[in-house]
There are 2 protein chains.
Amino acid sequence: MASRKSRPERRQEPLSRERIVAAAVELLDTVGEGGLTFRALAERLATGPGAIYWHVTGKNELLAAAIDAVIAPTLAGDDTGTTPQEAIRSLALGVFDAIDAHPWVGTTLAQLPRTPGKSPMLRVFERIGRQVQALRVPEAAQFTAASALLSYILGVAGQNAANTRAAQANTDPANTDRAAFLDAVATAWRELDPDQYRFTRDVAGQLREHDDRAEFVAGIDLILAGITAGRADGRTRP
Amino acid sequence: MASRKSRPERRQEPLSRERIVAAAVELLDTVGEGGLTFRALAERLATGPGAIYWHVTGKNELLAAAIDAVIAPTLAGDDTGTTPQEAIRSLALGVFDAIDAHPWVGTTLAQLPRTPGKSPMLRVFERIGRQVQALRVPEAAQFTAASALLSYILGVAGQNAANTRAAQANTDPANTDRAAFLDAVATAWRELDPDQYRFTRDVAGQLREHDDRAEFVAGIDLILAGITAGRADGRTRP
DNA sequence: ACCTGAACACCGTTCAAGT
DNA sequence: ACCTGAACACCGTTCAAGT
């Protein structure tokens, strides 16, 4: 009685690369890295595992696309009107925040080759490089400077992902209490052998008031200071 | 006739954690990351897959132990009699060379949590930290400095592993011609859209005379310069 | 105490067959 | 052109049963 022709069912939208990647991101966010399975993905998309292969060559490409979907938006911002240092800081923080929100990104990101097009890393590299040029770094040193910044960002990304995973393993998966995790690490560090781990014990206390994000920018500033060291405009915070 | 009691067969040495880890390293070195399988490992040790579990809790622990076996020896050196900068450089290069010789280390290393004991990363952190203290970095900044250096090292490790893998994928697995790979990347970079990838195209030429190892130390020196910036003894190369 | 190896519960990927 | 889902060739891990 209601309607002559029933509307097309919601779940019968045609499959597409975008829908698949979106579902993959959702799966990764909710179930974690181990949860991304062609079978689970197929079920979520109300189809069979084989269907996905028509739109995507395999799991590697799917993962790369998922990472790209999460990282690319953070690179949309505009750099004009700020100092190069500020631009690099906000660029780096954008990547940091994206990884913080999607911890699974950090795990894989660091080991994607910096190949053209495919990898979002090349876009980050390019953006950093332009600011390095704006810093008037001599041409021969530009590659080194941009690479160092990118490597640092990737290193922190990996460590951060490892920490989130460890935090989730220690407590129940629902409770990602970062502070409690840091406390546990600090306590463990303080119990290390004083002869073998003098320094680690010394800095264990600093873990308590530790802010991952602030620490991350501090590292960026350290590298920026190194890049501009010995120059008239060498101050990092202008 | 030869001997009354036959000597125990070579392959019947009892299983032990060390033998298992050694076999795992060998497998990883020869067949790569995907080659480390409990079945393949069991075959190499002339036993069943289940036997391994009596000595090792699972694959994660096995991988961590394999990494430890490769990294730990590089930390054996003595730091006395050199400047802190030199000590940090040689420490970092030790890790770099170990990863270069065993590319599979780079993939996993970056995502091991810096937990006590388990991870070789904590030992590296400790060693770096001591030299940071020797650099007379103010106490409040020591953690940041040591963390930045470690993150950078881990980031390069991951990138390096990714590059070796990409190089092996492009050419036949036997031929890990790094130079040819860099050439291919340089060419690809030069073909990028000039509007979108201005910087990357600019530095593509530098890839040709690029030396991974030298580039790595240059980055370390950049961070060291940042750490000591603005101080009387601020020069990195004394 | 230590080893064996079949069995369990999964994977990614392929591919004939359908529409 | 696009989808289906059974089938293939694997995994890590467990565990009864052996010595």
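Proteins come first, then strands; the chains are lettered A, B, ... in the order of their sequence lines, and each starts at number 1.
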*Is B:Leu36 touching bases, backbone alone, or none of the nucleic acid, heavy atoms closer than 4.0 Å?*
sugar-phosphate
*Specify the residue among B:Trp54 and A:Phe38 whose closest nucleotide of DNA chain C lies further upstream toward the 5′ end.*
B:Trp54
*Selected nucleotide, minimal atom distance to B:Thr37 side chain, candidates D:dG12, C:dG12, D:dA6*: D:dG12
_I'd like to check the ring-ring contact (aromatic ring centres under 6.0 Å, His included) partners of B:Phe216; sequence neighbours left out, ordered by chain and number._
B:Phe96, B:Tyr152
_Of the listed nucleotides (D:dT13, C:dC3, C:dG12), which one gets closest to any side-chain atom of A:Lys59?_
C:dG12
*Between atom CG in B:Leu41 and atom P in C:dC3, what is the gap in whole Å?*
13 Å
*Pick the nucleotide of DNA chain D nearest each of B:Pro49 and A:Gly50; which residue has the one closer to the 5' end?*
A:Gly50
*Whole angstrom is fine here: how far is it from OH in B:Tyr53 over to C1' in D:dA16?*
17 Å
*So which nucleotide from D:dT13, C:dA1, D:dC3 ends up closest to the side chain of A:Pro14?*
D:dC3
*Toward the 5' end of DNA chain C, by each residue's nearest nucleotide, A:Gly34 or A:Ala51*: A:Gly34
*Main-chain N/O of B:Trp104 paired to B:Glu33 side chain as donor or acceptor, under 3.5 Å*: no
*B:Leu15, nearest nucleotide to its side chain (from C:dG5, C:dC3, C:dC11)*: C:dC3
*What pairs meet the ring-ring contact (aromatic ring centres under 6.0 Å, His included) rule with one or both residues in residues 23-60 of chain A, with sequence neighbours excluded?*
A:Phe38-A:Tyr53
